[in-house]
Participant: 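Following this message is one structure expressed as structure tokens.
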Amino acid sequence: MSIQFDKMAITSTEEGGVPAKAARTMTTLGLLVVGFFWTSGGFYGCEPAMDGPHLYMLALGLAMPLLYSLPTALISAELATNYPETGGQCVYVSLACGPLVGAHNTWWVWFSTAVDCGLYPQYIRDTLIQQLDLVPPDTNSTDIINGTVPGDALGSPPSDNDSLYHTMQYMPMMVIAFVTSINILGVDWLMRFETFLGVMAALPCLVFLGFGIPHIKLAPNLDSGGDMVLASMVSRSLWLYGGFTNLGVLAGECKTPRKSYIIAVLVLVPLKILLRFVPFLIAYSYNPTSDELETAGYFQEVAGLVGATNSFSGEWLQWWYFIGSLICFLGFYNAMAVNAERTMMYFCEERYAYSLDRIANSNGILNFLFRMPGEEEGGIRRFYILFVALIEIGMVNINVLLLIELEMLIYAMSAGLFFYSFVYLRLQRTRKFKEGKSDPSAAPLLGGSKSLLMGNLDAESDRVDETNDVFNIGGGNVVAFMMAVCPVAFFAINTVLNLMGEGSSAAPFPYFKQTVFVSVILIGVIANVISNQLDRSNRASQVE
């Protein structure tokens with residue numbers, strides 16, 4: 001890809017290097033199943049986010065999809081079809097802010113995604129530990145996840161289960177190895193695997209909703225009693241209704257970007273509401289206490305109550321829900337690993353394509369690792385997949401609560417740049433349209449063009465065909481600006497809260513997350529300086 005915008009260009013920094021493109025093998029169904037895990041994956045583990053006055057939490061649950069989820073989904077769809085390249089928001093930020101800011105943003109996105117990947121293998125381990133009673137019965141899953149289990153509880157498991165308990169400590173690495181082996185086989189295998197996980201994770205949730213909706217009670221849901229910490233409630237709601245900024249990551253691998261992304265918005269946004277708002281109505285109807293909501297497995301208990309209310313044993317639904325939660329966490333990991341791999345691909349292919357291709361021309365293991373798969377296989381260089389897997393082996397040894405705090409803090413910078421880039425690029429498309437430099441059918445108010453001008457910017461691409469019609473939200477630039485305002489405000493509030501708070505008690509020292517936050521920024525600066533110096537040396541040697 002060589003995208004030109006005014007005097008800025010995103011190209012390989014190496015002479016003769018041509019950034020490799022992943023084959024367009026992703027179907028609409030494939031985008032939907034990966035998007036399902038990016039945006040919801042069900043309501044497994046959402047219970048702690050419910051703690052608060054029922055009425056106000058439900059009010060936020062109605063407002064967030066309209067003010068945050070829907071705008072973000074529409075923005076992602078417009079950007080993905082105007083700039084259908086693998087990398088998503090890394091592409092958009094590089095176009096709007098230039099290569100330097102784009103490089104920093106790509107590093108932040110990759111780091112926060114890699115951090116997020118480290119959560120789900122640990123969730124699988126901890127869920128199994130609790131379900132198999134490998135910790136004292138008064139220890140709930142939130143205690144395990146937050147690292148607040150007493151040292152003698154996790155350090156000295158019941159003697160009868162010593163062997164099984166210690167075996168469980170290897171479960172995160174087993175999950176990483178299993179998912180990596182699937183992804184290495186190519187996009188077709190990845191999509192089959194993710195589709196299977198999506199169906200198996202969604203079914204228990206849908207059965208839960210089907211049996212639970214008839215028993216929703218109005219009075220408990222209108223209860224406004226209890227402690228109300230608005231800042232915390234907004235932060236939790238932001239986590240519950242996010243994920244749509246990831247949709248553009250696979251745009252470069254979609255066979256029909258416009259069709260796929262329109263369908264994704266129409267399906268995933270209502271599904272988000274169904275799987276994140278309606279379960280609250282059901283759970284609140286059983287008048288849970290604050291202590292019960294602190295337990296990440298409370299929905300499993302509600303499944304038993306729902307079953308009993310419908311005049312049959314709820315034990316089968318509880319077990320089905322438990323199995324669904326394990327499958328869901330597996331799908332979460334796979335989806336976020338795909339994101340981290342594609343983000344790494346975008347960064348490396350734009351800068352080091354020539355060197356990577358030279359390595360790929362070798363024989364043996366190097367060819368296997370660095371060769372870009374063809375149309376039949378689909379996917380990316382296997383090196384990216386294995387590198388992310390190695391990083392995750394380290395991440396799964398870090399406390400989960402620390403990972404969550406770091407992810408939310410670091411990703412907020414990229415989220416702000418994402419929404420800024422949308423507004424900036426929309427304004428530039430309007431300017432070029434008024435100057436008469438673009439196809440009238442591609443005007444921001446009218447829809448898409450069959451000529452792939454990458455959103456009416458001067459661009460070069462080999463992807464010109466009838467599938468490249470672009471999707472535009474419409475409504476003019478004022479509407480576009482207003483759609484970005486609320487998401488940016490929510491992220492700003494969350495960032496301020498994270499920077500002001502001292503952080504988790506599991507942190508090795510006070511203000512640990514702030515220290516890591518600054519360190520990540522400095523690492524990005526140093527890496528960019530070194531990269532630029534290597535570029536200059538490489539070009540000088542080529543001239544000689």
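Predicted model only: the values in this text are computed from it and were never measured.
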Participant: Quick one: pull up OG1 in Thr113 and CE in Met336 and give me the separation to the nearest 0.5 Å.
Facilitator: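 One finds 4.5 Å between OG1 of Thr113 and CE of Met336.
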
Participant: Can you measure from CG (Leu250) to CD (Glu253) and round to the nearest 0.5 angstrom?
Facilitator: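 Result: 5.5 Å between the selected atoms.
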
Participant: Walk me through it: do Leu240 and Met64 pass the test side chain to side chain contact (heavy atoms under 4.5 Å, CB included)?
Facilitator: CA-CA 9 Å; Leu240 280 173; Met64 292 297 282; over 6 Å; no

Participant: Given Phe322 and Trp319, is the ring-ring contact (aromatic ring centres under 6.0 Å, His included) satisfied, shown in steps?
Facilitator: CA-CA 5 Å; Phe322 160 69; Trp319 272 99; 5.5 Å; yes

Participant: Return the SG to CG distance between Cys97 and Asn105, rounded to the nearest 0.5 Å.
Facilitator: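 Nearest 0.5 Å value for the SG-CG distance: 7.5 Å.
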
Participant: What are the two closest heavy atoms between Leu275 and Cys205, and how far apart are they?
Facilitator: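 Leu275 and Cys205 have their closest heavy atoms at CD2-CB, 4.0 Å.
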
Participant: Evaluate the criterion side chain to side chain contact (heavy atoms under 4.5 Å, CB included) for residue pair Val278 and Ile273; output intermediate values, then yes/no.
Facilitator: CA-CA 7 Å; Val278 178; Ile273 298 172; 5.6 Å; no

Participant: Side chains of Tyr333 and Val338: closer than 4.5 Å at any heavy-atom pair?
Facilitator: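 The answer is no, as the side chains (C-beta and beyond) never meet within the 4.5 Å cut-off.
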
Participant: Between Gln318 (side chain only) and Ala303 (backbone N and O only), is there a donor and an acceptor less than 3.5 Å apart?
Facilitator: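 It does not hold such a pair.
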
Participant: Please check: side-chain N/O of Asn82 versus main-chain N/O of Glu78, any donor-acceptor pairing under 3.5 Å?
Facilitator: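 Yes: the side chain of Asn82 pairs with the backbone of Glu78.
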
Participant: Just jot down the ring-ring contact (aromatic ring centres under 6.0 Å, His included) partners of Phe178, sequence neighbours excluded, or say none.
Facilitator: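 Phe178 satisfies ring-ring contact (aromatic ring centres under 6.0 Å, His included) with Phe193 only.
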
Participant: Go through the side-chain N and O atoms of Ser94 and Tyr346 and say whether any donor and acceptor fall under 3.5 Å apart.
Facilitator: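 Ser94 vs Tyr346: donor-acceptor pair found between side chains.
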
Participant: Set out, in order, the CA-CA distance, both residues' side-chain angles and the distance that settles side chain to side chain contact (heavy atoms under 4.5 Å, CB included) for Val423 and Phe419, then state yes or no.
Facilitator: CA-CA 7 Å; Val423 174; Phe419 292 110; 6.0 Å; no

Participant: Do Ser112 and Asp116 meet the criterion of a side-chain donor-acceptor pair at a distance under 3.5 Å?
Facilitator: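 Their side chains do not contain a donor-acceptor pair, so the 3.5 Å distance test is not met.
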
Participant: How many angstroms lie between CH2 in Trp110 and OG1 in Thr106, if you round to the nearest 0.5 Å?
Facilitator: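 Output value for this atom pair is 12.5 Å.
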
Participant: Where do Ala201 and Ile327 come nearest, in terms of heavy atoms and distance?
Facilitator: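 Scanning both residues, the minimum pair turns out to be N-CG2, 4.1 Å.
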
Participant: Are any of the side-chain heavy atoms of Leu29 and Met191 separated by less than 4.5 Å?
Facilitator: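 Side-chain contact under 4.5 Å: no.
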
Participant: Taking C-beta and beyond as the side chain, do Gln169 and Ile129 meet within less than 4.5 Å on heavy atoms?
Facilitator: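 Gln169 vs Ile129: side chains touch.
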
Participant: Rounded at 0.5 Å granularity, tell me how far CD1 in Ile263 sits from OG1 in Thr256.
Facilitator: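 So the gap between those two atoms works out to 7.0 Å.
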
Participant: Quick one: closest heavy-atom pair of Gly118 and Gln122, and the distance?
Facilitator: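 Distance-wise, the nearest heavy atoms are O-NE2, 3.1 Å.
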
Participant: By the side chain to side chain donor-acceptor pair (under 3.5 Å) test, which pairs, at least two apart or in different chains, include something from residues 261-281?
Facilitator: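 Listed by first then second residue: nothing to list.
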
Participant: Taking C-beta and beyond as the side chain, do Val207 and Tyr321 meet within less than 4.5 Å on heavy atoms?
Facilitator: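 Val207 vs Tyr321: side chains apart.
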
Participant: Evaluate side chain to side chain contact (heavy atoms under 4.5 Å, CB included) for Phe422 paired with Thr72, printing each intermediate quantity in order.
Facilitator: CA-CA 10 Å; Phe422 166 68; Thr72 306; over 6 Å; no

Participant: Over all heavy atoms of both residues, which pair between Ala251 and Pro257 is shortest? Give the atoms and the distance, please.
Facilitator: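 Where Ala251 meets Pro257 most closely, the heavy atoms are O-CG, 4.3 Å.
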
Participant: Should His104 and Met413 count as side-chain neighbours, where that means a heavy-atom distance under 4.5 Å?
Facilitator: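 His104 vs Met413: side chains apart.
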
Participant: Measure centre to centre between the rings of Phe244 and Tyr68, then say whether the value is under 6.0 Å.
Facilitator: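 When the ring centroids of Phe244 and Tyr68 are compared, they turn out to be at least 6.0 Å apart.
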
Participant: With a 4.5 Å cut-off on side-chain heavy atoms, are Asn221 and Leu55 touching?
Facilitator: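 When only atoms from C-beta onward are counted, Asn221 and Leu55 do not touch, as no gap falls below 4.5 Å.
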
Participant: Is a donor on one side and an acceptor on the other found under 3.5 Å between the side chain of Ser285 and the backbone of Lys217?
Facilitator: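 Present.
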
Participant: Checking the side chain of Trp38 only, and the main-chain atoms of Ala335 only, is there a donor and an acceptor separated by less than 3.5 Å?
Facilitator: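 Yes.
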
Participant: Minimum heavy-atom separation for Cys328 and Phe37, please, with both atom names.
Facilitator: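 Nearest heavy atoms, Cys328 then Phe37: O-CE2, 3.6 Å.
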
Participant: Hey, does the side chain of Gln89 reach the backbone of Phe418 with a donor-acceptor pair shorter than 3.5 angstrom?
Facilitator: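 No, the answer is negative, given that no donor and acceptor are paired below the 3.5 Å cut-off.
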
Participant: Please check if the side chain of Ser69 supplies one atom and the backbone of Tyr241 the other of a donor-acceptor pair under 3.5 Å.
Facilitator: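 Yes, Ser69 side chain to Tyr241 backbone: donor-acceptor pair under 3.5 Å.
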
Participant: What's the shortest heavy-atom distance between Val93 and Ser421, and which atoms?
Facilitator: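 Looking at all heavy atoms of both residues, the shortest contact is CA-OG, 3.3 Å.
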
Participant: Quick one: does Thr27's side chain have a donor or acceptor within less than 3.5 Å of a partner on Gly30's backbone?
Facilitator: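 A pair under 3.5 Å: yes.
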
Participant: Are any side-chain N or O atoms of His54 and backbone N or O atoms of Pro220, one a donor and one an acceptor, separated by less than 3.5 Å?
Facilitator: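 Present.
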
Participant: With side chains defined as the heavy atoms from C-beta onward, is the minimum distance between Leu330 and Tyr120 less than 4.5 Å?
Facilitator: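 Leu330 does not reach Tyr120 side chain to side chain.
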
Participant: To the closest 0.5 Å, what do you measure between CZ (Arg426) and CD1 (Ile75)?
Facilitator: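 Those atoms lie 9.0 Å apart.
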
Participant: With heavy-atom distances below 4.5 Å as the criterion, would you say the side chains of Val115 and Ile410 are in contact?
Facilitator: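 No; the side chains remain at least 4.5 Å from each other.
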
